[in-house]
Number of protein chains: 2
Amino acid sequence: MTLSEEDYIKIIYHLGKGDLGSVSTNSIAERMETKPSSVTDMIKKLSEKGLVNYKKYQGVTLSEYGLKTALSIVRKHRLWEVFLVEKLEFSWDEVHEVAEQLEHIKSEKLVDMLDKHLGFPQIDPHGDPIPSKDGEFKKSIKRLLNEVPIGKEGICVGVKDSSPPFLKFLDKNKIALGDSISVIDKEEFDGSLHIKIREVDIHISDQIASNLYLRIIE
Amino acid sequence: MTLSEEDYIKIIYHLGKGDLGSVSTNSIAERMETKPSSVTDMIKKLSEKGLVNYKKYQGVTLSEYGLKTALSIVRKHRLWEVFLVEKLEFSWDEVHEVAEQLEHIKSEKLVDMLDKHLGFPQIDPHGDPIPSKDGEFKKSIKRLLNEVPIGKEGICVGVKDSSPPFLKFLDKNKIALGDSISVIDKEEFDGSLHIKIREVDIHISDQIASNLYLRIIE
DNA sequence: ACAAATTTTTAGCTTTGCCTAAATTTTAAT
DNA sequence: ATTAAAATTTAGGCAAAGCTAAAAATTTGT
Ligand SMILES: [Mn+2]
Ligand SMILES: [Mn+2]
Ligand SMILES: [Mn+2]
Ligand SMILES: [Mn+2]
C-alpha cells in the first residue's frame with residue numbers, strides 16, 4: 001500500500017462510520033483536499049485491489065479487508081499521538097499533522113513495541129479509542145460531564161458554553177481540552193461533582209459540569 | 001524536499017566523505033539500488049535546486065546548502081536509531097530499515113523533542129556521531145580496544161578475530177556488537193583491561209582487547 | 001596515440017497521483 | 001414528466017521517479 005492509498009482508506013473509514021451508507025466521491029475529495037476526478041481514479045485502484053466495494057455512481061464502502069487495513073492505520077495514528085503527548089510533551093492540538101506522517105511507517109515490530117512502550121493505551125489524546133492489533137476496540141461517546149457515571153474516566157473534548165467567563169473559570173482551575181478527568185463522586189444534594197484531574201481532586205458545581213463535554217469509553 | 005531527494009542527498013554525503021573528490025553517477029546508482037540514468041535525472045534536479053554542484057560527466061559534490069541538508073537528515077536518522085534501541089528494545093542490527101523511513105518525517109519540533117527525550121545523545125547505536133541541530137559533530141574513529149585511551153567510551157563495532165572460540169568467549173561474557181564499552185583502567189604488567197559494559201566492571205586480557213574494534217568519539 | 005572498455009548522458013516510455021474540461025448519470029424541482 | 005442542478009466519471013495531460021536502449025564522453029590499455 002502506498003501512503004496515498006492508506007490516506008484514502010482511512011478517510012473512507014471515517015466518513016463511512018457516520019452515515020453507515022456508502023461514501024460519496026465528493027466527500028472523499030473534500031477530506032483529501034483533492035478533486036473528485038482524482039478520487040474516482042483512486043477508488044478504481046482500491047476496488048481492483050479488493051479494498052473497497054464500488055459500483056459506478058453508487059459510492060464506495062470498505063471491504064472486510066479494507067476495514068482491517070483502515071483499523072491498522074487508525075491504530076498507528078493514535079498510538080503515535082499518545083507517544084507525542086506522553087513522551088515528547090506535545091500538546092493535544094499539535095499532534096495530528098505529525099501523526100498523519102508517522103502512521104505510514106512500515107514495521108510491525110515498531111508498532112508492537114511502541115504500544116508496549118506506551119503501556120498499551122486504550123485511548124488517544126483526543127479521547128478516541130485505539131484499536132487492538134486484531135482490530136477490536138471499544139466505542140467512545142461524547143457526554144456532558146454531569147451525565148458521566150461515577151467511576152468513569154474520559155477526556156475533555158469541548159465546552160457547551162464558550163463564554164469568556166466560563167473559559168476563564170476553566171483556565172483558573174487548570175481544566176483544558178485534552179485533560180483526562182475521572183468522576184469520583186456526585187453530591188445528591190446539589191448535583192455537584194468530585195472529579196480527579198491531573199492527579200488532584202477538585203469539587204465543581206453542576207453548572208460547570210453541565211457545560212463540559214467528555215469523551216468516554218464504552 | 002521529497003523523500004527520494006533526501007535519500008539521494010544523504011547518499012551523496014556518505015559517498016563524498018570517503019574520497020573527498022566528487023561522487024560518481026555509478027556509485028550513487030549502486031547505493032540507491034537504481035540505474036545510472038535515473039541518477040543523472042535526479043542529479044540535474046538537485047543541481048537546479050542548488051543542493052549539489054554538477055558538471056556533466058564530472059560527477060557531483062554537495063553544495064553548502066546540500067551539506068546542511070544532508071546533516072539534518074543524518075541527525076534524524078541517528079536519533080531515531082537511538083530511540084529504537086533505547087526506548088523500544090530494538091537490537092543494534094534491526095534499526096536501520098525503520099530509521100530509513102523515520103528520517104523523512106517532517107517536524108522540527110519532533111526532532112528537538114526526540115533529542116531531549118533521549119537525553120541529547122552524542123552517538124547512535126553503531127557508534128556514529130549525531131550532528132547537532134546546527135550541523136556540528138565530533139568525528140568518530142575505529143580503534144582496537146587495547147588502543148583506546150583510559151577513560152574513553154565507545155561502541156563495539158566489530159571483531160578482528162572471528163574464530164568460533166573467540167565469538168563464543170564474547171557470547172559467554174555478554175559482549176556483543178552494539179554494546180557501549182568504557183575503559184576504566186589498564187594494568188601495566190600484562191596490558192589487561194578493566195572495562196565497564198552494561199554497568200558492570202569486567203577484567204579482560206590484552207589478547208581479547210586486541211581483537212575487538214570500538215568506535216569512539218573525537 | 002588510438003582503439004577498446006567503461007562511464008555517463010540522452011531519448012523515449014511507464015506508473016502513480018494529480019489536474020482541467022467535457023460528458024454522463026443521478027437527484028431535485030417544477 | 002421534464003428540466004435544471006448537482007454529482008460523478010471520462011478524456012487528455014502533467015510532474016515525479018523510475019526503466020531500457022542507444023549515443024556520447026571519458027578513461028584505460030597497449
Ligand atoms: Mn497520513
Ligand atoms: Mn486523535
Ligand atoms: Mn530514507
Ligand atoms: Mn547508524
Side-chain angles (χ1 to χ4, degrees), chain A residues 1-13 15-16 18-62 66 69-70 73 100-101 103-106, chain B residues 1-13 15-16 18-62 66 69-70 73 100-101 103-106:
Chain A
M1 291 257 292
T2 67
L3 186 149
S4 201
E5 286 171 352
E6 291 187 347
D7 279 341
Y8 272 96
I9 287 295
K10 204 183 56 170
I11 281 177
I12 293 168
Y13 167 74
L15 289 172
D19 346 340
L20 281 110
S22 68
V23 178
S24 77
T25 302
N26 271 3
S27 63
I28 299 171
E30 197 179 330
R31 281 283 195 97
M32 280 292 294
E33 297 184 66
T34 183
K35 301 289 161 171
S37 55
S38 306
V39 174
T40 303
D41 285 347
M42 181 57 87
I43 285 174
K44 282 182 184 165
K45 206 199 336 172
L46 296 176
S47 176
E48 274 162 26
K49 291 197 177 187
L51 288 153
V52 299
N53 309 117
Y54 169 60
K55 272 198 220 122
K56 268 189 194 177
Y57 293 100
Q58 300 309 134
V60 78
T61 56
L62 287 182
T69 306
I73 303 165
E100 199 57 49
Q101 300 176 62
E103 71 191 355
H104 303 289
I105 303 292
K106 274 157 191 69
Chain B
M1 291 256 294
T2 68
L3 186 150
S4 200
E5 286 172 350
E6 291 187 348
D7 279 341
Y8 272 97
I9 287 295
K10 203 181 58 169
I11 282 177
I12 293 169
Y13 167 73
L15 289 171
D19 346 340
L20 283 109
S22 68
V23 178
S24 78
T25 302
N26 272 3
S27 62
I28 299 171
E30 198 178 330
R31 282 284 194 98
M32 280 292 292
E33 297 183 67
T34 184
K35 302 288 163 175
S37 55
S38 306
V39 173
T40 303
D41 285 347
M42 181 57 88
I43 285 174
K44 282 181 185 166
K45 207 201 332 174
L46 296 176
S47 175
E48 273 161 27
K49 291 196 178 189
L51 288 153
V52 300
N53 309 115
Y54 169 60
K55 270 197 220 125
K56 268 189 193 176
Y57 293 100
Q58 300 311 135
V60 79
T61 57
L62 287 182
T69 306
I73 302 164
E100 200 57 49
Q101 299 176 60
E103 71 191 354
H104 303 289
I105 303 292
K106 275 157 192 66

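Residue numbers begin at 1 in each chain, while the letters A, B, ... track the order of the sequences.
Distances shorter than 4.0 Å separate some side-chain N or O of A:Lys44 from OP1 or OP2 on D:dT10. Between D:dA6 and A:Tyr57, no contact under 4.0 Å exists linking OP1 or OP2 to a side-chain N or O. Residue A:Thr34 places no side-chain N or O under 4.0 Å from the OP1 or OP2 atom of C:dC18. Contact annotation: A:Ser4 side-chain N/O to C:dC18 OP1/OP2 distance is under 4.0 Å. Contact check, B:Asn26 against C:dT8: a side-chain N or O comes under 4.0 Å of OP1 or OP2. Using a 4.0 Å cut-off, some side-chain N or O of B:Thr25 falls inside it from OP1 or OP2 of C:dT9. Look at A:Ser38 and you'll find a side-chain N or O under 4.0 angstrom from OP1 or OP2 of C:dC19. Dashed line: the shortest gap from a side-chain N or O of A:Tyr8 to OP1 or OP2 of C:dC18 is under 4.0 Å. Regarding contacts with the backbone of D:dT10, a side-chain N or O of A:Lys56 is found under 4.0 angstrom from either OP1 or OP2.
One finds no salt bridge joining A:Lys10 and A:Glu5 here, because no Lys/Arg side-chain nitrogen approaches an Asp/Glu carboxylate oxygen to under 4.0 Å. B:Glu100 has no carboxylate O lying under 4.0 Å from a charged side-chain N of A:Lys106, or vice versa, which leaves the two without a salt bridge.
Ranking C:dT26, D:dT20, D:dT8 by closeness to the A:Thr40 side chain, first place goes to D:dT8. Counting only heavy atoms from C-beta on, A:Ser37 has its side chain closest to C:dT20 among D:dA16, C:dT20, C:dT9.
Checking B:Ser27 against B:Ser24 by side-chain atom types alone, a donor-acceptor pair falls below 3.5 Å.
Rounded to an integer number of Å, the gap from B:Leu46 CG to D:dA16 C1' is 12 Å.
A:Lys55 places no side-chain N or O within 3.5 Å of a backbone atom of A:Asn53 that could act as its donor or acceptor partner.
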